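Please read the structure below before turning to the comments.
Keep in mind the model is a prediction, meaning the values are calculated, not measured. What you see below is based on every heavy atom in this structure, not just the backbone, and it leaves out hydrogens, waters and symmetry mates.
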Amino acid sequence: MLIIESPSNNAYFNIASEEYLLNKYPEADIFLLYINAPSIIIGKFQNTLAEINLDYVQSQGIKVVRRMSGGGAVYHDLGNLNFSFHTLLGTNDFMDFSTFTQPVISLLNHMGIPAKLEGRNDLLVEGKKFSGNAKLAKNGKMIQHGTLLINSQMEVLGDALKVNPLKFVDKAVKSNRARVINLSEYLPTEITALSFKELLIAEMMENNPQAVRHTFTDDDIIGIEKLVAEKYSTWEWNFGFSPQYNFKKALKIPAGFIEIHLDVHKGYIEKAKIFGDFFASKPIEELESLLIGQKHDIAHLATLLGQQDLTAYFGKVSTSELLELFK
């Protein structure tokens, strides 16, 4: 087994590193650990915009990254330790989450904390969740990865993943917002995400005598950064990969009441309908047609709408006012 600590806190880099390692070491067992700066990690099959508070995420500079595995959206920050097991597919039952969560449970139990696996893929202590886990199978290997809330900013977690449920009717499963807790409520005060990482590595080394610690080479970092540039930092992967969804929002502004309905597929608007009690000198159907084929992305739409004479469609309205309808 290779035990690898990521040298980066960049969520793009760390999520990309999982795919990189999957391809570079097709036979090896790997235990990867990383800590991300504030970021939201989206399950592969989720509708990103339905999972996050977009305005808050953008204002706080929180990265949004889609991972390779399914499951729900999770918030990461420097108080959150993440671990990832890579093993040959078929060596373990794909739906068995217990094998690769046992080292965490054993470590915490030895420290007097009554942690246990409950349900399908969650680790709890006294009924409160501190770890969610997800899996994927690809290229003959299986990856199981999980989060460990050590001392995460719970108020940011709640705000970043909060969204108005009336805006979206989608065909993907929204994350279940389980009650969560930081392990810092049970751990000695001096233990941080970094120090807990060392304790977990020691636990793994003790139970896997053949394990060796491995450091990313310069070539590894170049390869991971290539994946970041081509995939994990792109709008197409993190937002455009979202499944089909219907978006609707209404707004009252000085020009009148405006309501917009969008059908979006793979991040692109396929249908648009605008309703309201505004007065237009040009047919609103022209603007609806202009929206077809465009990215459901605020920066992109800001450029598009900024090039139009919006007063001809709505009367006295600004681009920024209208953009609120698309968020």
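Under the 3.5 Å distance criterion, the side-chain polar atoms of N182 are left unmatched by any main-chain donor or acceptor of E185. At distances below 3.5 Å, not a single donor-acceptor pair connects side-chain atoms of D122 with backbone N or O atoms of E118. When atom types are taken as modelled, the side chain of Q144 and the backbone of F97 share a donor-acceptor pair closer than 3.5 angstrom. Side chain of N53 to main chain of Y56: a donor-acceptor pair is present (N/O by atom type, distance under 3.5 Å, no hydrogens or angles). Side-chain atoms of K141 never come within 3.5 Å of backbone atoms of D29 as a donor-acceptor pair (strictly under, hydrogens ignored). N80 places a side-chain N or O within donor-acceptor distance of the main-chain N or O of Y75, the cut-off being under 3.5 Å. The main-chain N or O of N36 is never found under 3.5 Å from a side-chain atom of S39 such that the two would form a donor-acceptor pair. N109 contributes no side-chain N or O that, together with a main-chain N or O of S106, makes up a donor-acceptor pair within less than 3.5 Å. Between the side chain of E288 and the backbone N or O of I274, at least one donor-acceptor pair lies under 3.5 Å. Within the 3.5 Å criterion, the main-chain N or O of R66 finds a donor-acceptor partner in the side chain of N238.
Closest heavy-atom contact between L149 and S152: CD2-CB, 3.5 Å. In terms of heavy-atom proximity, I191 sits nearest to L187 at CG2-CD1, 4.0 Å. Nearest heavy atom pair, residue I35 against residue N9, reads O-ND2, 2.7 Å. Contact between I260 and L325 at its shortest, heavy atoms only, is CG2-O, 3.5 Å. Shown here for Q46 and A73, the closest heavy-atom pair between the two residues is OE1-N, 3.1 Å. For the residue pair K63 and N10, the shortest heavy atom distance occurs at CE-OD1, 3.5 Å.
Rounding to the nearest 0.5 Å places NZ of K271 at 9.0 Å from CD1 of I292. We find the CG-NZ distance between L304 and K295 to be 12.5 Å, quoted to the nearest 0.5 Å. To the nearest 0.5 angstrom, L199 atom CG is 14.0 Å from M204 atom CE. Distance check: T87 OG1 to M1 CE gives 7.5 Å after rounding to the nearest 0.5 Å. To the nearest 0.5 angstrom, L78 atom CG is 8.5 Å from Q153 atom CD. Taking OG of S84 as the start and OH of Y34 as the end, the distance is 6.0 Å to the nearest 0.5 Å.
Crowding of N139 atom CG: a count of heavy atoms from other residues, nucleotides or ligands under 6.0 Å exceeding 12. Heavy atoms from other residues, nucleotides or ligands lying under 6.0 Å from CD of E155 number more than 12. The local environment of NZ in K316 is sparse, with at most 12 non-hydrogen atoms from other residues, nucleotides or ligands closer than 6.0 Å. In K128, the NZ atom is crowded: over 12 heavy atoms of neighbouring residues, nucleotides or ligands sit closer than 6.0 Å. More than 12 heavy atoms of other residues, nucleotides or ligands sit less than 6.0 Å from atom NZ of K24. Environment of NZ in K252: crowded, with over 12 heavy atoms of neighbouring residues, nucleotides or ligands closer than 6.0 Å.
Cation-pi geometry between K44 and F241 is not met: the NZ or CZ atom fails to fall both under 6.0 Å from the ring centre and inside 45° of the normal. For the pair K249 and F326, the cation-pi test (distance below 6.0 Å, angle within 45°) is failed.
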- Message: For a side chain to side chain donor-acceptor pair (under 3.5 Å) check, start with the C-alpha distance between T311 and D309, then their side-chain angles and the critical distance, and finish with the verdict.
- Response: CA-CA 6 Å; T311 60; D309 177 12; 2.6 Å; yes
- Item | Worked verdict on H76 versus I40 for side-chain contact (heavy atoms from CB on, under 4.5 Å) | CA-CA 6 Å; H76 289 180; I40 294 176; over 6 Å; no
- Query: Between L136 and M142, does a side-chain contact (heavy atoms from CB on, under 4.5 Å) hold up when you go through it step by step?
  - Reply: CA-CA 6 Å; L136 68 104; M142 178 179 75; over 6 Å; no
- Task: Using the side-chain contact (heavy atoms from CB on, under 4.5 Å) rule, take I4 and T215 through it: C-alpha gap first, then chi angles, then the decisive distance, then the call.
- Result: CA-CA 6 Å; I4 304 173; T215 302; over 6 Å; no
- Message: Run E126 and Y186 through side chain to side chain donor-acceptor pair (under 3.5 Å) and show every step you take.
- Response: CA-CA 11 Å; E126 296 182 336; Y186 297 89; 2.7 Å; yes
- Task: Could you walk me through whether L148 and V104 pass side-chain contact (heavy atoms from CB on, under 4.5 Å), step by step?
- Result: CA-CA 9 Å; L148 291 171; V104 175; 3.6 Å; yes
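Taking the side chain as every heavy atom from C-beta outward, T192 and I150 never approach each other to under 4.5 Å. At least one side-chain heavy atom of M111 sits under 4.5 Å from a side-chain heavy atom of L107. Residues I253 and F314 have side chains not in contact (no heavy-atom distance under 4.5 Å, counting atoms from C-beta outward). You'll find the side chain of Y313 stays beyond 4.5 Å of the side chain of L322, heavy atoms only. Looking only at side-chain heavy atoms (C-beta outward), L301 and L323 come within less than 4.5 Å of each other. Counting only heavy atoms from C-beta outward, the side chains of F216 and F13 approach each other to under 4.5 Å. Between K138 and E19, some side-chain heavy-atom pair lies under the 4.5 Å cut-off. In this structure the side chain of F85 never reaches within 4.5 angstrom of the side chain of T101, judged on heavy atoms.
N82 and H145 are not linked by any side-chain donor-acceptor pair at a separation below 3.5 angstrom, with hydrogens and angles left out of the test. Residues E51 and N47 have side chains that never bring a donor and an acceptor to within less than 3.5 angstrom of each other. Under the 3.5 Å distance criterion, with hydrogens and angles disregarded, no donor-acceptor pair is assigned to the side chains of N14 and S17. In summary, the side chains of S6 and S8 do not present any donor paired with an acceptor at a separation below 3.5 Å, with no hydrogens or angles considered.
The cluster map of Ile, Leu, Val, Met, Phe, Trp and Tyr, joined by side-chain heavy atoms under 4.5 Å apart, puts I181 and L124 in different clusters. Taking hydrophobic clusters as Ile, Leu, Val, Met, Phe, Trp and Tyr residues chained together by side-chain heavy-atom distances below 4.5 Å, F257 does not share a cluster with L287. In terms of hydrophobic clustering, with Ile, Leu, Val, Met, Phe, Trp and Tyr side chains grouped at heavy-atom distances under 4.5 Å, I222 and L21 are assigned to different clusters.
A salt bridge does not link E236 to K231: none of the charged side-chain nitrogens sits closer than 4.0 Å to a carboxylate oxygen. Ion pairing of K197 with E5 is present here, as a side-chain N (NZ or NE/NH1/NH2) and a carboxylate O approach within less than 4.0 Å. For R213 and E198, the salt-bridge test passes: some basic side-chain N is under 4.0 Å from an acidic carboxylate O.
Checked options Y268, F247, W235; the residue passing with H296 is F247 (criterion: ring-ring contact (aromatic ring centres under 6.0 Å, His included)). When the options V264, T48, I42 are evaluated for a side chain to side chain contact (heavy atoms under 4.5 Å, CB included) with S242, the one that passes is T48.
Between F275 and H261, the ring center distance clears the sub-6.0 Å criterion.
F31 and F83 have tilted rings, their planes meeting at an angle from 30° to 60° on a 0 to 90° scale. Aromatic ring pairs are classed by plane angle as parallel below 30°, tilted from 30° to 60° and perpendicular above 60°; the pair Y232 and W237 is perpendicular.
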